[in-house]
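Each remark here refers to the structure printed beneath this line.
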Protein chains: 2
Amino acid sequence: MNTPSLDETRNCLCLAARRAARSITRQFDEALRPHGLRSTQFSALAALSLAGPNTIKELAGILGADRTTMTRNLGVLEAEGLVSVQRGKDARERIAEITATGRRRIEAALADWQAVQQRVAESMGEAAAGSLRAIAWSRDD
Amino acid sequence: MNTPSLDETRNCLCLAARRAARSITRQFDEALRPHGLRSTQFSALAALSLAGPNTIKELAGILGADRTTMTRNLGVLEAEGLVSVQRGKDARERIAEITATGRRRIEAALADWQAVQQRVAESMGEAAAGSLRAIAWSRDD
DNA sequence: TCTCTAAACGTGCATATACACTTAAAAGAT
DNA sequence: ATCTTTTAAGTGTATATGCACGTTTAGAGA
């Protein structure tokens, strides 16, 4: 094992991943801004809309974020009335559910979401898009 | 143009990019923790080390982040004595430079960085790694 | 020189992110 | 039934991120 050189850090996959995410996020955020939604918020609403009511832990799993991050992100959405969070039968759990307002909000944003999605997809190409999705949904424990 | 369906959001590239970045960042952060560095800090130090003293704007360009984000990230590094920020001849500019302490810090972390880098690279495969880098460094203005 | 514009930067604000630690409740063990 | 362990979640703290807005300085033009 030889001493690693600083020069190798030019290939850093963490920087690459973060750079890519920031750039893509900025584009989605800009497209969603007229609807009062951030990328992260859009994702959370979409997940709740598709998966139905879910615990915070499960939701965090779906979005690949930390549980405590999910707690706070849901807090913002709840404050805006886009999501409601209630105790479940198991009193330890908190069930998050999209509200009618939230549903209207995300549906109103859908056309603009699709536009950026398509633009970004074309910009990176099918192969890259496939790779990105594969990385995002690979097991990593 | 037909009405977009909520179901299509399962393919959202923004979620994919953010999921991937979070997962990869967590792995790098864990590996760098013993050295008291976060992924972002490692990247900034590496960039300063390789590119030499640079203005905040240029540095932000290199790392693909917002200028104001760079200002604050450098503040953290400066507070730890890993970076020094000084006025340039052009008094509008602020030149950031890695300190001797900063250089020692990143060099001490290099072996552990290389280890995660390799592990993550193998986990995603060469093709995906190439795609990720291509996305990260593509023009996007 | 005076003025106007453009460039680089800082700050306020809001959100996102996650680790360490704590709390509460359910489930399991004896 | 009581004690212990496991599970779900909240909180404190720190960093990261970027938009809107304001400030300072350099440079260009009159």
Side-chain angles (χ1 to χ4, degrees), chain A residues 14-15 17-34 36-45 54-61 63-80 82 85-96, chain B residues 14-15 17-34 36-45 54-61 63-80 82-83 85-96 140:
Chain A
C14 189
L15 174 56
R18 293 181 72 85
R19 255 192 88 118
R22 281 195 296 256
S23 167
I24 292 171
T25 297
R26 276 191 299 263
Q27 297 179 65
F28 276 76
D29 275 353
E30 186 188 355
L32 296 174
R33 194 167 309 136
L37 288 176
R38 300 265 192 108
S39 300
T40 304
Q41 301 171 341
F42 180 90
S43 292
L45 287 183
N54 253 301
T55 66
I56 293 182
K57 182 189 177 69
E58 287 169 321
L59 205 50
L63 299 176
D66 189 86
R67 177 186 60 76
T68 65
T69 298
M70 207 61 243
T71 294
R72 308 200 205 232
N73 289 359
L74 282 174
V76 174
L77 293 172
E78 195 180 18
E80 264 204 86
L82 308 178
V85 183
Q86 306 287 338
R87 281 196 140 51
K89 290 175 202 166
D90 182 334
R92 289 172 303 183
E93 295 179 344
R94 308 267 280 166
I95 311 291
Chain B
C14 189
L15 174 56
R18 292 181 73 85
R19 255 191 88 117
R22 282 195 297 255
S23 167
I24 292 170
T25 298
R26 277 193 297 262
Q27 297 178 63
F28 275 77
D29 275 353
E30 185 188 356
L32 297 174
R33 195 167 310 135
L37 288 177
R38 302 263 193 111
S39 300
T40 305
Q41 300 170 343
F42 180 90
S43 292
L45 287 183
N54 253 301
T55 67
I56 293 182
K57 181 189 177 70
E58 287 168 323
L59 205 49
L63 300 176
D66 190 85
R67 177 186 59 75
T68 66
T69 298
M70 206 61 243
T71 294
R72 307 196 207 237
N73 289 359
L74 283 174
V76 174
L77 293 172
E78 195 180 18
E80 265 202 86
L82 308 178
V83 157
V85 183
Q86 307 286 340
R87 279 197 171 339
K89 289 174 201 165
D90 183 336
R92 291 172 302 182
E93 295 178 345
R94 308 267 280 167
I95 311 291
D140 68 77

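Owing to the predicted nature of the structure, the values given are computational and were not obtained by experimental measurement. Note on naming: letters A, B, ... go to the chains in the order of the sequence lines (proteins, then strands), and numbering restarts at 1 for each one.
- Comparing B:T55 and B:R33 along DNA chain C, the residue whose closest nucleotide (by nearest heavy atom) sits nearer the 5' end is B:T55.
- Pairs engaging residues 68-78 of chain B under the side chain to side chain donor-acceptor pair (under 3.5 Å) rule: B:D66-B:T68 [sequence neighbours left out].
- For A:R26 and D:dG18, the shortest distance from a side-chain N or O to OP1 or OP2 is below 4.0 Å.
- Residues satisfying the salt bridge (charged side-chain N to carboxylate O under 4.0 Å, His left out) criterion with B:R92, sequence neighbours excluded, are B:D90.
- If you take CZ of A:R38 and C1' of D:dT17, they are 8 Å apart, rounded to a whole angstrom.
- With sequence neighbours excluded, no residue forms a salt bridge (charged side-chain N to carboxylate O under 4.0 Å, His left out) with A:E30.
- The stretch residues 17-25 of chain A touches DNA chain D through A:R18, A:R22, each having a heavy atom under 4.0 angstrom from the strand.
- Straight-line distance from the CG atom of B:L82 to the C1' atom of D:dT15: 14 Å, rounded to whole Å.
- Distance, A:N54 CG to D:dA8 P: 13 Å, rounded to whole Å.
- Applying the side-chain hydrogen bond (donor to acceptor under 3.5 Å, both in side chains) rule to B:E58 yields the partners B:T55; only residues at least two apart in sequence or on another chain are considered.
- On the nucleic acid side, DNA chain C contacts chain B at distances under 4.0 Å to non-hydrogen atoms, with the end points of that region at C:dA7 to C:dC19.
- We find that CZ of B:F28 is positioned 16 Å from P of D:dA16, with the value rounded to whole Å.
- Taking every heavy atom of both residues into account, A:R22 and A:L15 meet most closely at NH2-CD1, 4.4 Å.
- One atom, CG of B:D66, and another, P of D:dA16, lie 14 Å apart when rounded to the nearest Å.
- Mapping B:A65 and B:E80 onto DNA chain D by nearest heavy atom places B:E80 at the nucleotide closer to the 5' end.
- Taking A:A96 as the reference, A:L48, A:L59, A:L74, A:V83, A:V85 meet the side chain to side chain contact (heavy atoms under 4.5 Å, CB included) condition, with sequence neighbours excluded.
- A search for side chain to side chain contact (heavy atoms under 4.5 Å, CB included) contacts involving B:T25 returns A:C14, A:R18, B:D29, B:S39, not counting sequence neighbours.
- Regarding B:L37, its CG atom lies at a distance of 10 Å from the P atom of D:dA16, rounded to whole Å.
- The two residues A:A17 and B:A21 make their nearest non-hydrogen contact at O-CB, 3.6 Å.
- Between A:E93 and A:R87, the closest side-chain pair of non-hydrogen atoms is not below 4.5 Å.
- Listed by chain and residue number, B:V116 satisfy the side chain to side chain contact (heavy atoms under 4.5 Å, CB included) test with B:A31 (two or more places apart in sequence, or in another chain).
- Looking at which nucleotide of DNA chain D each of B:T40 and A:D29 is closest to, the 5′-most match is held by B:T40.
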Could you list the protein-to-nucleotides 21-28 of chain D atom pairs, N/O on both sides, closer than 3.5 Å?
from: D:dA26; atom 1: OP1; to: B:A91; atom 2: N; distance (Å): 3.4
from: D:dA26; atom 1: O4'; to: B:R92; atom 2: NE; distance (Å): 3.4

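- Atom CZ in B:R19 sits 7.5 Å away from atom CG in A:L63 (nearest 0.5 Å).
- Annotation: proximity of residues 69-76 of chain B to DNA chain D (heavy atom, distance under 4.0 Å) is found for B:T69, B:R72, B:N73, B:V76, numbered in ascending order.
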